[in-house]
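Encoded as structure tokens, the structure appears first; notes follow it.
Side chains included, hydrogens not; waters and symmetry mates left out as well; all remaining heavy atoms used.
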Number of protein chains: 2
Amino acid sequence: MKQTANYPIAIVDDHFLFASSLSKLVNSYESFTVQFQATNGKDLQQKLETAEQLPKIILLDIKMPVMDGFETAVWLQEHYPDIKILALSMEDDENTILRMLRLGANGYLLKDIHPDKLKVALEEVIQKGFYHTEKVAEHLLHSLHQPAKPDKDDFRENELIFMQLASTEMTYSQIASEMNLSPKTIDGYRHELFNRLEVKNRVGLVMYALKNGLIEF
Amino acid sequence: MKQTANYPIAIVDDHFLFASSLSKLVNSYESFTVQFQATNGKDLQQKLETAEQLPKIILLDIKMPVMDGFETAVWLQEHYPDIKILALSMEDDENTILRMLRLGANGYLLKDIHPDKLKVALEEVIQKGFYHTEKVAEHLLHSLHQPAKPDKDDFRENELIFMQLASTEMTYSQIASEMNLSPKTIDGYRHELFNRLEVKNRVGLVMYALKNGLIEF
DNA sequence: CTCAAAAACAGGCAAAACCCCTTTTCCACA
DNA sequence: TGTGGAAAAGGGGTTTTGCCTGTTTTTGAG
């Protein structure tokens, strides 16, 4: 048996089948061993507290119930800054990637990569501290030329509520009473948002909000 | 080494990392061996043609580029009716499940199941010819009480085009000229759809169409 | 070829959406 | 404490949408 360093890995993904399969794959790499799996951020918190040994790298899914990848990354940065985070996601949405990297992820892998890349990624994160695929780099470069997509933080609470309600069949005056505001204030919200987002009408506003994840549908 | 039956399996999933990981898992079951992986339906077609041995079961993802799970299931039914299909998806949307089962899938697994269930599912499909989790059964029972969600086939081509255009910032008269129809005809489409879909206005129509996958956004 | 169903088209009217500009209210902060 | 800027509210308009009640044209089965 060869004597090589063996790094403990944790996998956080709500898709149990995927997480388990991925474990098998990671365990087949001789330098890495999956220490535990968690199904969301909360679950991870508990498992880290009771762990006798901390994982070196956490493979972190983004879309999860209860506590998603973003929240988890923030929490990890605060409580376990030494653990490297490798985000693992299907979303190749530029905003998502950027957001995750800004939150301190040491790499961003798309779930459709070749398994060999995962091994390389793990190794590079251990050695260099980070890893990025060409695809992610490409996306990042692209996003430099593309105007930044908006975030929920770019809007006031009332604006978000208004947009959510604008996506229903309510008239503006109904929205006004729902929000305990004058119809004229709603008129103002609309005008302001139309201008800022460069949309021409209510449908345009709703589609914009949906496309950018500002409202649920 | 125990001497047990060994069934060949094929995996069709565009997420290469998941497919590869899943292979490891399936290969760890002594009665099953992954014969090949494909990244979409087209890819599967080619690999089946050149395969010296046909897989007994195909683990089939639904959302895939090029040729998705639905198309693939139809094609398989026609060309290789003996191969069992186990649909494997994240969507627990009732319509999707029903549609897949109607297209001849012998089982429907959600990607967040426990890996043990996959083993059971594979075994049962071999023995009984089908397998369904409680969750799927539950969804199916639920769908009996829930009115059936609409399909693209429930709409005429023009209605779908109209709905797609209604989700833009165009006015109805602009939509009319875009579709080379009189504004009054568009008026008629709208009236008809509002009635049938029980929506009150354009936003309601657009949201309905989006929720039911009738239009892209 | 015939005829009934459907699809397309139409006028008119009220309501809602949209637009521009002004005034009041509120609150942070100097 | 009063003041400047932002949020809220208002007045008064045009355009678009939504909803009737119809008529004409197209389509397709027999």
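Note that the first and last nucleotides of DNA chain D, 5' to 3', having any atom under 4.0 angstrom from a heavy atom of chain A are D:dA7 to D:dG12.
The minimum heavy-atom distance between A:Pro55 and A:Gln35, with the atom names listed, is N-OE1, 3.4 Å. Closest approach of B:Glu169 to A:Gly204, counting heavy atoms only: OE2-CA, 3.4 Å. Shown here for B:Ala166 and B:Leu205, the closest heavy-atom pair between the two residues is CB-CD2, 4.5 Å. Scanning all heavy atoms of the two residues, the minimum distance from A:Tyr189 to A:Met179 falls at CE2-CE, 4.2 Å.
One finds a salt bridge joining A:Glu134 and A:Lys117 here, because a Lys/Arg side-chain nitrogen approaches an Asp/Glu carboxylate oxygen to under 4.0 Å.
Residues passing the side-chain contact (heavy atoms from CB on, under 4.5 Å) test with B:Gln46, sequence neighbours excluded: B:Asp43. A:Arg196 is linked by a side-chain contact (heavy atoms from CB on, under 4.5 Å) to A:Phe155, A:Glu159, A:Glu192, A:Leu193, counting only residues two or more places apart in sequence or in another chain. When the side-chain hydrogen bond (donor to acceptor under 3.5 Å, both in side chains) test is applied to A:Glu71, no partner is found at least two apart in sequence or on another chain.
Few gaps surround NZ on A:Lys47; more than 12 heavy atoms of other groups in view lie less than 6.0 Å from it.
Within the structure, ring pair (Phe, Tyr, Trp, His ring centres under 6.0 Å) pairs that include any residue of residues 41-74 of chain B do not occur (at least two apart or interchain). Among residues at least two apart or in separate chains, there is no side-chain hydrogen bond (donor to acceptor under 3.5 Å, both in side chains) pair with a member in residues 200-213 of chain B.
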Could you pull out the protein-nucleic contacts involving nucleotides 26-28 of chain C (nitrogen or oxygen on both sides, under 3.5 Å)?
none

Going by atom type alone, with no hydrogens or angles, which donor-acceptor pairs under 3.5 Å involve a side-chain atom of residues 98-108 of chain A and a protein atom two or more places apart or on another chain?
unit_1	atom_1	unit_2	atom_2	d
A:Asn106	OD1	A:Ile85	N	2.7
A:Asn106	ND2	A:Gly129	O	3.3
A:Tyr108	OH	A:Ser89	OG	3.4
A:Tyr108	OH	A:Glu91	O	2.9

Side chains of residues 7-18 of chain A: which donor-acceptor pairs under 3.5 Å do they make with residues two or more places apart or in other chains?
unit_1	atom_1	unit_2	atom_2	d
A:Asp13	OD1	A:His15	N	2.8
A:Asp13	OD1	A:His15	ND1	3.4
A:Asp13	OD2	A:Lys111	NZ	3.1

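Without hydrogens or angle criteria, B:Gln174 side chain to B:Thr171 main chain gives a donor-acceptor distance under 3.5 Å. Between the side chain of B:Thr168 and the backbone N or O of B:Gln164 there is no donor-acceptor pair closer than 3.5 Å.
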| request: Do nucleotides 11-20 of chain C as a string where each nucleotide becomes B, S or -: B if the base has a protein heavy atom under 4.0 Å, S if just the sugar-phosphate does, - if no protein is that close. | output: BB---SSBBS
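In this entry the distance linking CD of A:Glu192 with P of C:dC21 reads 16 Å, nearest Å.
Residues from residues 155-165 of chain A lying near DNA chain D, meaning a heavy-atom separation below 4.0 Å, are A:Arg156, A:Asn158 in numerical order.
Taking the C1' atoms of five terminal pairs at each end of the helix from C:dC1-D:dG30 to C:dA30-D:dT1, the two resulting helix axes are inclined by 40°, rounded to 10°.
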